[in-house]
Amino acid sequence: RSKEKGGNAFHYYHSDMNKRSMHRLNLEIHLRKALERGEFAVYYQPIVNLKNGSVFGMEALVRWHHPDWGMVSPGEFIPLAEETGLIVPIGNWVLRQACKQNREWQRKGYAALVVSVNISAIQFHQMNFVQIVMDALRDSGLPPGSLCLEITENVAMNNVSHILDTMHRLRELGVRISIDDFGTGYSSLSYLKRFHVHTLKIDQSFIRDVTSDEDNAAIVTALIAMSHRLKIKSLAEGVETQEQLQFLIAQGCDEIQGYVFSKPMPASEFEDLISRNKQLNLT
Ligand code: C2E
Ligand code: MG
Ligand code: MG
Ligand code: MG
């Protein structure tokens, strides 16, 4: 492409590349310091049970408040954190924070909730990952059944025997597992059963136009039916409208998460929501 643009194109291309890598480098420098500077926060988004409309649990979602740049979106810094390995300490912090917070809410006497924590493939593949989970549970005092680990299908891309072993040990601990962004990755359906996952999270890209796109409606219907047959719970992500909600109820989807009920919010606001016993209106 640079040739078509003539003689100077290379220089433009070159300086463009420089700008991009400078931006990346700058982001990385700041990301390295963000943890010790206390710039991260965990937000919580309710997960609602469609049988009764009550809050079943919540997904912990990391937020980065940079002092000068403001909020940096996870879409921007999580991929960089994964490339640089920084996701290991950041993810560990989120895990411990989410366990502590959920235990705190249980201590205060709110109905026991299950907190879901996103786990990147490189976190999951650490040799001591099971120990890290055990430490987070022990130090917080959270019952293992009140923790769910969200992994993506891509975790299963290599070294299946190591994954099966880790899954087995997590299961024995009593923590739950869900497959996040289901339908966007590369794994084989047979893993679903072999890994004994509890919940299948149907990716929001299928939900977005589920009421207007027949193909997505077919995919979502099939995924819900399949998870039922496998005795795995189905959860729809990114549910924004009443129409989507009614479609999912009609298909027998077990749980939803999305703006139709609530956005992710800081811990204090989430506590407000559960203390008011907020319910989803199913009709
Ligand atoms: P995810 O795990 O699939 O999380 C769901 C994302 O969908 C969140 O974006 C959430 O804010 C957004 N969402 C929820 N409901 C709706 C809705 O109704 N409409 C729309 N348009 N979006 C909705 P968020 O918080 O920006 O996070 C993006 C991704 O970053 C997450 O996707 C996850 O892959 C990653 N991530 C976030 N926190 C962590 C973390 O602590 N560790 C790791 N490893 N990854 C994380
Ligand atoms: Mg997730
Ligand atoms: Mg997801
Ligand atoms: Mg997603």
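Both ligands and their constituent atoms are indexed starting at 1 by order of listing.
Of the candidates Asn92, Ile119, Asn118, Ile207, it is Asn118 that places a heavy atom closest to atom 33 (C) of ligand 1. Of the listed residues (Asp181, Val62, Ile90), the one carrying the non-hydrogen atom nearest atom 39 (C) of ligand 1 is Val62. Nearest-heavy-atom check against atom 6 (C) of ligand 1 across Gln204, Glu240, Glu237 picks out Gln204. The heavy atom nearest to atom 17 (C) of ligand 1, out of those in Phe261, Phe77, Phe124, Tyr259, is found in Tyr259. Remark: among candidates Ser73, Pro46, Gly91, Pro74, the nearest residue to atom 24 (P) of ligand 1 is Pro74, based on non-hydrogen atoms.
Contact between Glu28 and Leu80 at its shortest, heavy atoms only, is N-CD2, 3.7 Å. Minimum heavy-atom separation, Val155 to Ile163: O-CD1, 3.3 Å.
For the Mg ion (ligand 3), the set of nearby N, O or S atoms under 2.8 Å includes one belonging to Asp180. Put simply, Ser178 stays out of reach of the Mg ion (ligand 2), with no N, O or S atom under 2.8 Å from it. With 2.8 Å as the limit, Glu59 does not count as an N, O or S neighbour of the Mg ion (ligand 3). At a cut-off of 2.8 Å, Asp181 does not coordinate the Mg ion (ligand 2) through any N, O or S atom. For the Mg ion (ligand 3), the N/O/S atoms of Asp203 include none lying under 2.8 Å.
Taking every heavy atom of Gln45 and a limit of under 4.0 angstrom, the matching atoms of ligand 1 come to 14 (C), 15 (N). With ligand atoms numbered from 1 in the order given, ligand 1 contributes 18 (O) to contacts under 4.0 Å with heavy atoms of Val239. Applying the 4.0 Å criterion to heavy atoms of Gly258 picks out, from ligand 1, the atoms 15 (N), 18 (O). Heavy-atom proximity to Val94, at under 4.0 Å, picks out these atoms of ligand 1: 41 (O).
Nearest N, O or S atom of Glu150 to the Mg ion (ligand 2): atom OE1. Glu237 contributes atom OE2 as its closest N/O/S atom to the Mg ion (ligand 3).
Applying the 6.0 Å contact sphere to CZ of Arg63 captures more than 12 heavy atoms from other residues, nucleotides or ligands. More than 12 heavy atoms of other residues, nucleotides or ligands shown are found within 6.0 angstrom of NE2 on His65. Crowding of Lys193 atom NZ: a count of heavy atoms from other residues, nucleotides or ligands under 6.0 Å exceeding 12. Enclosure of atom CZ in Arg276 by more than 12 non-hydrogen atoms of other residues, nucleotides or ligands within 6.0 angstrom is indicated.
The side chain of Arg63, and not its backbone, has at least one atom closer than 4.0 Å to an atom of ligand 1 (non-hydrogen atoms only; side chain from C-beta on). Of all the heavy atoms of Ser120, the ones lying under 4.0 Å from any atom of ligand 1 are found in both the backbone and the side chain. For Ile87, every heavy-atom contact with ligand 1 shorter than 4.0 Å involves the side chain, none the backbone. Residue contacts with ligand 1 for Asp180 involve side-chain atoms from C-beta outward but no N, CA, C or O (heavy atoms, distance under 4.0 Å). At a 4.0 Å heavy-atom cut-off, ligand 1 touches Glu59 through the side chain alone. Looking at Leu61 against ligand 1, both its backbone and its side chain come within 4.0 Å, counting heavy atoms.
Checked against Asn102 for a side-chain contact (heavy atoms from CB on, under 4.5 Å), the options Val114, Leu142, Leu147, Val117 give a single hit: Leu142.
Counting only N and O atoms by type, the side chains of Ser146 and Gln106 include a donor and acceptor under 3.5 Å apart. For Ser54 and Asn52, the side-chain atoms include at least one donor-acceptor pair closer than 3.5 Å. A donor and an acceptor atom, one from each side chain of Glu237 and Gln257, are nowhere located under 3.5 Å apart. Using modelled atom types and a 3.5 Å distance limit, the side chains of Glu82 and Ser120 yield a donor-acceptor pair.
A cation-pi geometry, defined here as NZ or CZ lying under 6.0 Å from the six-membered ring centre and within 45° of its normal, does not hold between Lys108 and Tyr110.
Checked against the 6.0 Å centroid threshold, His30 and Trp69 count as a close aromatic pair.
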